[in-house]
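Note on naming: letters A, B, ... go to the chains in the order of the sequence lines (proteins, then strands), and numbering restarts at 1 for each one. The structure presented is a predicted model; accordingly, all values stated were derived computationally and were not measured.
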There are 2 protein chains.
Amino acid sequence: MENTDITNISISEESYECSFTVDCAVFGFQEGVLKLLLVQKGIDAFKGYWLLPGGPMQENQTAEQAVENILHLLTGLKNVHQQQVHCYSSVDRHPVKRVVTICFYGIIKPENHPIVSEKHDDVKWFRIDELPKLGFDHDTLANDALNKLKSNVEEKLILGELLPEKFTLTELQELYESLMDQKLDRRNFRRKILQKGLLKKSGEKKTGVKGGPELFELTQR
Amino acid sequence: MENTDITNISISEESYECSFTVDCAVFGFQEGVLKLLLVQKGIDAFKGYWLLPGGPMQENQTAEQAVENILHLLTGLKNVHQQQVHCYSSVDRHPVKRVVTICFYGIIKPENHPIVSEKHDDVKWFRIDELPKLGFDHDTLANDALNKLKSNVEEKLILGELLPEKFTLTELQELYESLMDQKLDRRNFRRKILQKGLLKKSGEKKTGVKGGPELFELTQR
DNA sequence: ACAAAAGTGTTTTTGATACACCCATGT
DNA sequence: ACATGGGTGTATCAAAAACACTTTTGT
């Protein structure tokens, strides 16, 4: 593995090149649980496997542009703010050729972002606790992305983005509990979250549910 | 920037390729301040500029292997544990050709790791508060790496690796203060750091300094 | 002997956790 | 009217912050 050829420390026209892909773990919150968006597109080597949406970076794109573009092509999603998770560069991680990949993650409100795909059933939301075995090394990527999401949530609680415009505190709490996989005290949760000052009452109440809970919204985005 | 050619969502032998470099921000603690290791190697476009040590990834290497290899070639350093910071993929970030880079960071004890370079003066430690203007976009990389280091230190305090084998608690505290750019209470710092259980008394005392401070060492590595 | 830095414990404050009752709405 | 979930306050506990004097060593 070690390379001691000192002529190779500088970039030239002839420098080694390889392909580059971007993959993204898009998380959403639906039916009270955290979900991950997977696709099953005709990539020969892993036909039949579910995968994180992803594909090659092109000549005129940054990785960030590539991931936005590819996610749109595969799923119809647009304007999903993405964040880098990690770069994977094992020599043999792709069966066709050497491919380095960067994994991103993004969070969306599923109900605001309709999935668009030519075939049915090749783009689907999966419960995070019921993921199928993924192709390539995407199990690892998905797991790393989830951990990144969790640790970002622990630091600064930016989860409003996963919920509809207006939501109850119970809904927000369920999201936390699902993500962090732990139960929280309702009163303590309310206090902590409200004193962040990121939420305000919308003035409306949610109907169809007992107790008539207040609907909240983000103060800013 | 947008690409709507659906044929490009899959990797083939003909997929676009580009070069790849790794750069690394190596941090050390010397003379009571945090320092960053920079090199001034003959990279044509940025001759005369100081840079993070870095260079191209080769065909048979992962990014992790490449960064270890290149750091060794440029500076003589070995066994520097590195961690990924971020991937930079602006199309025009390199003057010769399109180059995507992954930035790493590592921390070492300078006195245990002698710098080896053919020329003198082309590899040097710089105080973190007196960095020169760097070539390419390395100002950004260095800054991002420092922030990553800081946030990792806040979580789990792994800083013994920056100090000599045996060190006083004051020296450790100065490292923290230098890194975090804030003053800490000596007693609170001692208590907090000792109850982590990662340090033990070496039994020796440091001479040449008033008060005769105890020398500590890491319990494990 | 004096100056400078090291070593040590207690009090106060703050934030986190645990806990129970009343109120609003849907059925 | 009753059942279900929503909304609220306080007491306790643990962790973080503030604070001052004594001991050791170098000059």
Side-chain angles (χ1 to χ4, degrees), chain A residues 29 31-33 150-151 153-157 159-160 163-219, chain B residues 29 31-33 150-151 153-157 159-160 163-219:
Chain A
F29 189 66
E31 297 150 23
V33 295
K150 281 188 192 176
S151 75
V153 166
E154 275 172 1
E155 287 169 31
K156 28 182 188 167
L157 317 173
L159 282 183
L163 290 171
E165 186 92 22
K166 293 173 185 176
F167 48 87
T168 68
L169 290 185
T170 300
E171 286 165 349
L172 185 60
Q173 182 172 352
E174 281 167 355
L175 169 54
Y176 270 88
E177 290 178 341
S178 166
L179 184 60
M180 294 304 174
D181 201 29
Q182 59 169 329
K183 286 281 169 194
L184 300 170
D185 179 272
R186 186 154 42 98
R187 284 160 293 187
N188 293 338
F189 178 78
R190 292 175 67 87
R191 188 183 316 120
K192 201 163 115 185
I193 204 82
L194 286 175
Q195 76 191 12
K196 302 262 176 203
L198 299 171
L199 298 183
K200 63 165 194 271
K201 293 184 179 179
S202 72
E204 299 168 50
K205 293 196 169 190
K206 180 153 188 169
T207 55
V209 56
K210 295 175 183 177
E214 188 86 35
L215 284 164
F216 286 78
E217 59 193 8
L218 296 177
T219 47
Chain B
F29 191 66
E31 298 151 22
V33 294
K150 282 189 194 178
S151 74
V153 166
E154 275 172 2
E155 286 168 31
K156 28 183 189 170
L157 316 174
L159 281 183
L163 289 170
E165 187 92 20
K166 294 172 185 177
F167 49 86
T168 68
L169 289 185
T170 300
E171 287 165 348
L172 185 61
Q173 183 173 350
E174 282 167 355
L175 168 55
Y176 271 88
E177 291 178 340
S178 165
L179 183 62
M180 294 302 175
D181 200 29
Q182 59 168 332
K183 286 282 169 194
L184 300 170
D185 178 90
R186 187 154 39 99
R187 286 161 291 187
N188 292 337
F189 178 77
R190 292 174 67 87
R191 187 182 318 119
K192 200 163 116 185
I193 204 83
L194 287 175
Q195 74 190 15
K196 302 261 176 205
L198 299 170
L199 299 183
K200 65 165 191 272
K201 292 184 180 181
S202 72
E204 300 168 49
K205 292 194 169 191
K206 180 155 190 168
T207 55
V209 57
K210 296 175 182 176
E214 188 86 35
L215 283 164
F216 286 78
E217 59 193 9
L218 296 178
T219 47

Please work out if A:G212 contacts a base, only the sugar-phosphate, or nothing of the nucleic acid, heavy-atom cut-off 4.0 Å.
sugar-phosphate
Testing the basics here: between B:K206 and B:T168, what is the closest heavy-atom pair and its distance to 0.1 Å?
CD-CG2, 3.9 Å
Tightest non-hydrogen contact, residues A:E165 and A:E217, listed as O-CB, 3.6 Å
Within less than 4.0 Å of OP1 or OP2 of D:dG7, is there a side-chain N or O belonging to A:R187?
no
Tell me, please, which residues at least two apart from A:E174 pass side chain to side chain contact (heavy atoms under 4.5 Å, CB included).
A:F29, A:T170
Rounded to whole angstrom units, what separation is found between the CG atom of B:L215 and the C1' atom of D:dT24?
14 Å
Between atom CZ in A:F167 and atom P in D:dG6, what is the gap in whole Å?
15 Å
Heavy-atom closest pair (B:K196 atom, B:K192 atom, distance to 0.1 Å) is CG-O, 3.3 Å
Quick check: closest heavy atoms across A:L184 and A:F189, and the distance to 0.1 Å?
CD1-CD1, 3.8 Å
Rounding to an integer number of Å, can you tell me how far A:L169 CG sits from D:dG6 C1'?
10 Å
Hey, which sits more toward the 5' end of DNA chain C by its nearest nucleotide, B:T168 or B:D185?
B:T168
Starting at atom NZ of B:K183, determine the distance to atom C1' of D:dC19, rounded to an integer number of angstrom.
18 Å
Does A:I193 reach the side chain of A:Y176, with side-chain heavy atoms less than 4.5 Å apart?
yes
Round to the nearest Å and state the distance from A:R191 atom CZ to D:dT8 atom P.
12 Å
From CD of B:Q182 over to C1' of D:dA17, roughly how many Å is that when rounded to an integer?
12 Å
Please report the distance, rounded to the nearest Å, between CZ in B:F189 and P in D:dA18.
16 Å
Protein-nucleotide distance (A:I193, atom CD1; D:dG7, atom P), rounded to Å:
14 Å
Using heavy-atom distances to pick each residue's nearest nucleotide on DNA chain D, tell me which of A:N188 and A:P213 is more 5'.
A:P213
Tell me the closest heavy-atom pair linking A:Q173 and A:R186, and the distance in Å.
OE1-CA, 3.7 Å
Distance under 4.0 Å to a non-hydrogen atom of chain B counts as contact; along DNA chain C, which nucleotides mark the start and end?
C:dA4 to C:dT10
The answer to which of B:R186 and A:T207 contacts DNA chain C further toward the 5' end, by nearest nucleotide, is B:R186
